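We count residues from 1, following the sequence as given. Here the structure is a predicted model, which means the values were calculated and not measured.
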Amino acid sequence: QVQLVESGGGLVQAGGSLRLSCAASGRTFSSFPMGWFRQAPGKEREFVANISWSGRTTYYADSVKGRFTISRDNAKNTLYLRMNSLKPEDTAVYYCAADPYGLESERKALYDYWGQGTQVTVSS
């Protein structure tokens, strides 16, 4: 089992920045690729970014590429998402998730462990 707890969400104006954190406990965090997903009201949960277990490989959705940066600190069992140049359409609940299969996929079905989410609201 892996327990995940997100933090760092909040209300920010368009153009602003936030850094989300995801603290992990339980099974070895450093062995899992990790991902960030988000879900806006009335929409399906969508992929945002993922990162390999080592942190050397990252992948982003086109909608956030160049604005968001995913990173991890395996010594601290923590995953991060730095979000710059935020837009109102980035408003959503953001979730971190762990991929025990090692596939580094965009598919949410391949992530078995999820946090409870943190709300990000971007005002125009």
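The number of heavy atoms from other shown groups lying within 6.0 Å of CD (Gln116) is above 12. Atom CH2 of Trp114 has more than 12 heavy atoms from other residues, nucleotides or ligands within 6.0 Å.
Here the CG atom belonging to Leu4 is positioned 4.5 Å from the SG atom belonging to Cys22, to the nearest 0.5 angstrom.
Listed for the Tyr111 side chain is a donor-acceptor partner under 3.5 Å among the backbone atoms of Ser105. For the pair Arg72 (side chain) and Asn77 (backbone), a donor-acceptor distance under 3.5 Å is absent.
Contact between Ala98 and Phe32 at its shortest, heavy atoms only, is CB-CD1, 3.9 Å. Considering all non-hydrogen atoms of both residues, Val48 and Phe68 come closest at CG1-CD2, 3.8 Å. Closest of all the heavy-atom pairs between Gly9 and Leu20 is N-CD2, 3.6 Å.
No chain of hydrophobic side-chain contacts below 4.5 Å, direct or via other Ile, Leu, Val, Met, Phe, Trp or Tyr residues, connects Phe29 to Tyr95.
By the side chain to side chain contact (heavy atoms under 4.5 Å, CB included) test, Ser71 pairs with Tyr80, sequence neighbours left out. With sequence neighbours excluded, the residues satisfying side chain to side chain donor-acceptor pair (under 3.5 Å) with Glu46 are Arg38. With sequence neighbours excluded, the residues satisfying side chain to side chain contact (heavy atoms under 4.5 Å, CB included) with Ser124 are Pro88. In this view, Asp73 satisfies the side chain to side chain donor-acceptor pair (under 3.5 Å) rule with no residue, not counting sequence neighbours. Residues satisfying the side chain to side chain donor-acceptor pair (under 3.5 Å) test with Glu104, not counting sequence neighbours, are none. Residues that satisfy the side chain to side chain contact (heavy atoms under 4.5 Å, CB included) test with Glu44, not counting sequence neighbours, are Lys108.
Between Asp62 and Lys65, at least one side-chain nitrogen of the basic residue sits less than 4.0 Å from a carboxylate oxygen of the acidic one, meeting the salt-bridge criterion.
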* Give the intermediate values and the outcome of side chain to side chain contact (heavy atoms under 4.5 Å, CB included) for residues Gln39 and Tyr94. => CA-CA 7 Å; Gln39 187 167 17; Tyr94 283 71; over 6 Å; no
* Asked: Should Leu18 and Leu86 be marked as a side chain to side chain contact (heavy atoms under 4.5 Å, CB included) after you check the CA-CA gap, both sets of side-chain angles, and the distance that decides it?
  -> CA-CA 8 Å; Leu18 282 174; Leu86 282 161; 4.2 Å; yes
* To do: Apply side-chain hydrogen bond (donor to acceptor under 3.5 Å, both in side chains) to the pair Asp112 and Tyr101, showing each step before the final yes or no.
  => CA-CA 9 Å; Asp112 277 1; Tyr101 307 105; 2.8 Å; yes
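Relative orientation of the Phe37 and Phe47 rings is perpendicular, given thresholds of 30° and 60° on the angle between their planes.
Using modelled atom types and a 3.5 Å distance limit, the side chains of Asn50 and Tyr60 yield no donor-acceptor pair.
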